[in-house]
Amino acid sequence: MKTFCGRANPTTGALDWVEESEEYDYHQEIARSCYADMLHDKDRNEKYYEGIRAAVSRVKARGQRVVVLDIGTGTGLLSMMAVTAGADYCYAIEVFKPMAQAATCIVERNGFSDKIKVINKHSTEVTVGPDGDMQERANILVTELFDTELIGEGALPSYEHAHTHLVQTGCEAVPHRATVYAQLVESDMLWKWSQLQPIEVDGNKLQPPPAVVKCAGAPSVCDIQLSQVPPESFTPLGPICTMFSVDFSKPVSSAAQSYTAQFKAQTSGRAQVVLSWWDIDMDPNGDIVCTMAPSWNYSDPRTYPWRDHWMQSVYFLPVEEHVSEGEELNLVGSHDDYSLWYSLTHSEQNDVKVEKFRPCCTCQAHLVWTRPRFGELNDEQRTESYVSALRSILKPDSVCLSVSDGSLLPIFAHLLGSKKVFSLENSGMAKQVIEQVLHANSLKHEVQLLGIRPEQLSLADLEGNQISVLMGEPYFSTSLLPWHSLFFWYCRTAVAQLLHPNATILPRAATLYIVAVEFRDLWRIRAPCGTCEGFDVSPMDEMIQQSLDYRESWEAEPHPLWEYPCHALTKPQPVMTFDFTQCVPEQPVNSEGTVPFTGRGRCHGVALWMEFQLTEDITVSMGLTKPVSEEGVCEWNPHRKQGVFFFRSTRETSGDGREDLSYNLTFEPHTGDITMDFSITEP
């Protein structure tokens, strides 16, 4: 059955009604899942297999029949490991229906249907008894319910229920134990992702609102590839602390709890950020350990096992605190059933209370601005580019209109001497945040914030003034892919009748760039698995490809490439330019051509990004921030996501001119989409 669905178009701003299959959401989730990444995680798979073998051996040594409960079975891999290790029977629980169907197919293909029962339910709905889903309680509990934060996928409630209803007392568990680690650090780079810093504009210092400074910030974890954060960008203020452990072989509580690690400050500094990760012991003795520690915590970083399904966590303290070398500190880690948070107390504060509720944003800024957006607003070099561009075009009689979400550009324009400044803020929450910034800097009436859409704007809203400067970063909260920022172009078109004949548009144009790349690791999330630890998991590959074929394989997908090192195999190539001084055209715009491969390697796909030409002399890049080095090293803008078009099959390139990257892109004005096709050809 097909249904009409209303989907907000991030490029045109329109609400598009499209006919979608009832399975559309399933296909979306499967296509963008990390199942392949998990199965390519050799370290994880080998440690689980070793732990399962040891657990089965311990139960058999007691003369017991081995019954395994596998919660969150996914492909059924861990259940097949258990049966191969000698388990008598496995109950494999998987709540996501398409995945449960794939697991059933994989189990059958590998010849385990008589010993593995796949149950398509949430584990808390599973029943035990003669007429139940399980005939008996299990004596081995195998799970993979973890996320980067360890407990964010509901591991604690699931374990709590399993021990009460589904497994025997004294059961074995794989993993047996999890331990959470944390380190208190000072880091200007990371702190700028959480707090708005003072901003210099032509001798004026724009101050952040007090409510933002005092706010505890967004409650959600910031999960990143911490290995890509250079150690020189932070200063450890204390040791790596063991915060707490959870023994999964015993009853587990999901109740809120707090734990304290006491230590002396290693150096003086500003306590701002907590870096955190966890490891899991697959056996009671802790001989089989799978750790999420970042690469710089390894004695030999080259042995670091890359994975994207489990990363590391960054937590921001509610307030920045100065600490002195040698000072006794208490780092307090608290959790509820789904999340973690940290706070800092001093040694004299011995009575540490359980924090029942996680901190939440009270200023609204942390709800309007994402963490990368905070980093972008605090980027001094970027700010200087926009201020310099504005300074070059503004005049004392300038009437400015800003079109961007939660932008400081209109405030910059006022401070630079514009006569009138208006700003479109369609989001009520974003409007309130900018009002706070204006109020904190005694500029309450200097910028007129209009809570309307561009097509609703009238001359009356502009107090009878024509727009002489239309400006935007552009930044829009709904943008995912680089070309979604072309919404600025559609806004420019919508207000065309209100522009002065000699109006200046900033940015004046945008250019879409491409470069063919070889990823160090990111390729794993889209690479077929075939077999994993000797088991045929190809039905999962087929399921993912089917979902990709549904739509996703025609498109690029967004990734923050600063977290995923890659090697350029071609020179960066401009492939399409959008002239904002003109309205959006009526007809499609096509661009096709070839780019010679100049680097040797395995081409996994193509990276895409936008560069905005603010003025004739000033350009800002949302992608590469420096020229590609002779070795092909790429440095990416950390504040925006770039697009990645993955090839279905990879190919080695010689880099000696024998291969070209062929491209064919079409911009469809009525939908705002850019369709694309890339291939590797020989001249």
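Start at 1 with the first residue, then count along the sequence.
Side chain of Thr625 to main chain of Glu635: a donor-acceptor pair is present (N/O by atom type, distance under 3.5 Å, no hydrogens or angles). For the pair Arg371 (side chain) and Ala218 (backbone), a donor-acceptor distance under 3.5 Å is present. Under a 3.5 Å cut-off, the side chain of Trp369 and the backbone N or O of Gly375 do not form any donor-acceptor pair. A donor-acceptor pair under 3.5 Å is formed between the side chain of Asn378 and the backbone N or O of Lys192. When atom types are taken as modelled, the side chain of Asn637 and the backbone of Ser621 share a donor-acceptor pair closer than 3.5 angstrom. One N or O on the side chain of Asn120 and one on the backbone of Glu94 form a donor-acceptor pair closer than 3.5 Å. Looking at Gln364, its side chain never comes within 3.5 Å of a backbone N or O of Val433 through a donor-acceptor pair. For the pair Asp147 (side chain) and Gly152 (backbone), a donor-acceptor distance under 3.5 Å is present. Checking side-chain atoms of Asp283 against main-chain N and O of Ile288 turns up a donor-acceptor pair under 3.5 Å. Checking side-chain atoms of Ser123 against main-chain N and O of Ser158 turns up no donor-acceptor pair under 3.5 Å.
Judged by distance alone, the side chains of Gln225 and Asp308 do bring a donor and an acceptor atom under 3.5 Å apart. Between the side chains of Asp70 and Thr73, at least one donor N or O sits under 3.5 Å from an acceptor N or O. Side chains of Asp336 and Ser339: a donor-acceptor N/O pair is present below 3.5 angstrom, by distance only. Defined by atom type and a distance below 3.5 Å, a donor-acceptor pair is present between the side-chain atoms of Gln272 and Glu320. Remark: the Glu149 side chain and the Tyr315 side chain contain an N/O donor-acceptor pair separated by less than 3.5 Å.
Residues Val515 and Trp609 form a side-chain contact, since some pair of their non-hydrogen atoms from C-beta on lies under 4.5 Å apart. No side-chain heavy atom of Trp193 sits under 4.5 Å from any side-chain heavy atom of Val273. The shortest distance between side-chain heavy atoms of Met38 and Glu144 falls below 4.5 Å. For the pair Thr291 and Tyr298, the minimum side-chain heavy-atom distance is below 4.5 Å. Here the side chains of Tyr48 and Cys290 are not in contact, with every heavy-atom distance at 4.5 Å or above. With a 4.5 Å cut-off on side-chain heavy atoms, Arg640 and Pro482 do not count as touching. Taking 4.5 Å as the limit, some side-chain heavy atom of Ser253 sits within range of a side-chain heavy atom of Glu160. At a threshold of 4.5 Å between non-hydrogen side-chain atoms, the residues Ile544 and Met540 count as touching.
Nearest heavy-atom pair, Ser479 versus Ser485, reported as atom, atom and distance to 0.1 Å: OG-N, 3.9 Å. Closest approach of Met311 and Ile224 over heavy atoms only: CB-O, 3.2 Å. Between His122 and Ile93, the closest heavy-atom pair is C-CG2, 4.3 Å. Leu226 and Gln312 get closest at one heavy-atom pair: N-OE1, 2.9 Å. Closest approach of Leu190 to Phe316, counting heavy atoms only: O-CE2, 3.0 Å.
Within 6.0 Å of NZ on Lys121 lie more than 12 heavy atoms contributed by other residues, nucleotides or ligands. The local environment of CD in Glu380 is sparse, with at most 12 non-hydrogen atoms from other residues, nucleotides or ligands closer than 6.0 Å.
Note: Phe519 and His604 have parallel aromatic rings, judged against thresholds of 30 and 60 degrees for the angle between ring planes. Tyr259 and Phe244 have parallel rings, their planes meeting at less than 30° on a 0 to 90° scale where 60° marks the start of perpendicular. Using the six-membered ring where Trp is involved, His366 and Phe374 have ring planes that are parallel, under 30° apart on the 30 and 60° scheme.
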Using the rule given for side-chain contact (heavy atoms from CB on, under 4.5 Å), can you reason through Phe645 versus Ile514, listing the C-alpha separation, both sets of side-chain angles and the distance that settles it, and then say yes or no? CA-CA 10 Å; Phe645 183 98; Ile514 64 171; over 6 Å; no

Evaluate side-chain contact (heavy atoms from CB on, under 4.5 Å) for Val212 paired with Gln195, printing each intermediate quantity in order. CA-CA 7 Å; Val212 177; Gln195 285 292 344; 3.9 Å; yes

Go through the steps to decide whether Arg526 and Glu557 satisfy the test side-chain contact (heavy atoms from CB on, under 4.5 Å), and finish with yes or no. CA-CA 11 Å; Arg526 293 290 167 259; Glu557 53 189 81; 3.1 Å; yes

Under the side-chain contact (heavy atoms from CB on, under 4.5 Å) criterion, do Leu184 and Leu317 qualify, and how do the steps go? CA-CA 9 Å; Leu184 180 68; Leu317 292 179; 3.8 Å; yes

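Under the 6.0 Å cut-off for aromatic ring centres, Phe146 and Phe248 qualify, their centroids lying closer than that. Between Trp296 and Phe234, the distance separating the two ring centers is shorter than 6.0 angstrom.
Atom SG of Cys532 and atom NE2 of His40 lie 8.5 Å apart (nearest 0.5 Å). Atom CH2 of Trp523 and atom CG of Asp37 lie 10.0 Å apart (nearest 0.5 Å). With rounding to the nearest 0.5 Å, the separation of OG1 in Thr242 from OH in Tyr181 is 5.0 Å. Annotation: the span from Leu78 atom CG to Asn45 atom CG amounts to 8.0 Å, rounded to 0.5 Å. To the nearest 0.5 Å, atoms OH (Tyr49) and CG (Leu77) are separated by 8.5 Å. Note that the CG atom of Leu145 and the CD1 atom of Ile71 stand 6.0 Å from one another [nearest 0.5 Å].
Here the options are Ser276, Ser245, Cys241, the test is side chain to side chain contact (heavy atoms under 4.5 Å, CB included), and the partner is Val180; only Ser276 passes.
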